[in-house]
Amino acid sequence: MFDKAQFEATIQELEAGTLALRGKLAEVGPATAAATGQWWVTPPMAEVLQWIGDKTVEIGTALLNWILDLLKGATAPIWMFLDAYRWMDIKGTANGVSTDLGTQNLVVDDTDWSGTGRDAYLAAAGAQVNAAGRVGSIASGTSLNLLACAGAGLAFYVALAAILAQLIAKVVAAIAAIGSGWFSWAGAALIVESVGVSSAAIWTAVGTLAAFLGAQATAMVTLHGDAVDPGSFPNGVWPKSNTHLYSDATVDDGDADWSLKGR
């Protein structure tokens, strides 16, 4: 599930990591120039070293920009968590209304009030009990879905932080390789491929998150359908206060007529 403290720590780690990666990429150019400037480096050697440096910067910069784009949505899990919390408040309120409208709470002593008016009132209030209970159920489902989405966002950014740390290590390794004299094209390809593997890992994380959020979106659509379906609501509308249940109706309460308007 979602842990706000862990999420904030993960985002801070990602922000620090992007700065570190940017700094390491800035070191590639000078390292390449220093290596190719050695008197004993032949033109073919210099070509390999330059290729390693250029590709490392190219791929690393593209991945850095991608990660920065993904960080633009970093506040979403926080808002999902907060909204999930508020929807639970709505659930509690709705269920409280449902309980308060129960017959056992509306009528303390049956001898205090009897007749057609009492029966009509309890019947109308009873329908509102079911409606308020349904509102509570919808609120609960919405809250749980939002909380699940927030948790998925946390898992995604934790994975992204791990990928970023690995990417920084690979760029550092590429800088070291340039300085140590990896002059074969095969060795150069392995270095660049190692840096590029991070893109596949990011795609996997993004795909996993997208699939989960797609399923949650389907669940939210179902909840919306429940909310707009009038089947369980009295007269096809959402619950409303008792003062609006009746108009100018008059009910025979046995001894005398009793106007229910505003009661």
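The first residue in the sequence is number 1, and the count goes up from there.
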How long is the gap from CG on Leu144 to CE on Met88, to the nearest 0.5 Å?
4.5 Å
Closest contact, heavy atoms only, Ala219 versus Asn145
CB-OD1, 3.2 Å
Backbone N/O of Ala139 and side chain of Ser143: donor-acceptor pair under 3.5 Å
no
Across all chains, not counting sequence neighbours, the salt bridge (charged side-chain N to carboxylate O under 4.0 Å, His left out) partners of Lys55 are Glu58
Roughly how far, to the nearest 0.5 Å, is CH2 of Trp51 from CD1 of Ile191?
9.0 Å
Between the side chain of Ser140 and the main-chain N/O of Gly136, is any donor-acceptor distance below 3.5 Å?
no
Any pair with a residue in residues 64-78 that passes salt bridge (Lys or Arg N to Asp or Glu O under 4.0 Å), sequence neighbours left out, goes on the list, sorted by first then second residue, please.
Asp69-Lys72
Keeping Thr222 on the side-chain end and Thr218 on the backbone end, is there a donor-acceptor pair under 3.5 Å?
yes
Quick one: side chain to side chain donor-acceptor pair (under 3.5 Å) partners of Gln38, sequence neighbours excluded?
none
Pairs touching residues 61-92 that satisfy ring pair (Phe, Tyr, Trp, His ring centres under 6.0 Å), sequence neighbours left out:
Phe2-Phe81, Trp66-Trp203
For Asp54, side chain to side chain donor-acceptor pair (under 3.5 Å) partners two or more places apart
Gln50
Rounded to the nearest 0.5 Å, what separation is found between the OG1 atom of Thr36 and the CE atom of Met45?
12.5 Å
Mind checking side-chain contact (heavy atoms from CB on, under 4.5 Å) for Glu27 and listing every partner two or more places apart, or none if nothing turns up?
Lys24, Ile175
Identify whether Leu167 and Leu68 are in the same connected component of the hydrophobic contact network (ILVMFWY, side-chain heavy atoms under 4.5 Å).
yes
Non-neighbouring partners of Asp83 that pass salt bridge (charged side-chain N to carboxylate O under 4.0 Å, His left out), sequence neighbours left out
Arg86
Quick one: list whatever passes side-chain contact (heavy atoms from CB on, under 4.5 Å) with Ile59, sequence neighbours left out.
Leu63, Val192, Val195
Could you grab the distance from atom OG1 of Thr10 to atom CG of Leu160, nearest 0.5 Å is fine?
10.0 Å
My understanding is that only residues two or more places apart in sequence, or in another chain, count here; which of them pass side chain to side chain donor-acceptor pair (under 3.5 Å) with Arg22?
none
Which pairs pass ring pair (Phe, Tyr, Trp, His ring centres under 6.0 Å) with one or both residues in residues 207-227, sequence neighbours excluded?
none
Would you check if Leu154 and Lys4 make a side-chain contact, meaning some heavy-atom pair closer than 4.5 Å?
no
May I ask whether Leu64 and Leu71 are part of the same hydrophobic cluster, defined by side-chain heavy atoms of I, L, V, M, F, W, Y residues being less than 4.5 angstrom apart, directly or through others?
yes
Salt bridge (Lys or Arg N to Asp or Glu O under 4.0 Å) contacts touching residues 143-153 (sequence neighbours left out):
none
Which value, rounded to the nearest 0.5 Å, describes the distance between Ile67 atom CD1 and Ser198 atom OG?
7.5 Å
Hey, what do you get for CD1 (Ile163) to CD1 (Ile202), rounding to the nearest 0.5 Å?
5.5 Å
Could you list the cluster mates of Met220? Members are the ILVMFWY residues connected by side-chain heavy atoms closer than 4.5 Å, either directly or through other members.
Leu223
Could you tell me whether a side-chain N or O of Tyr157 sits under 3.5 Å from a main-chain N or O of Leu70, the two making a donor and an acceptor?
yes
Same cluster or not: Val197 versus Val28, using hydrophobic residues (I, L, V, M, F, W, Y) connected whenever any side-chain heavy atoms lie under 4.5 Å apart?
no
Let me see the working for Arg134 and Asp226 under side chain to side chain contact (heavy atoms under 4.5 Å, CB included), right down to the final yes or no.
CA-CA 9 Å; Arg134 186 173 177 188; Asp226 290 340; 3.9 Å; yes
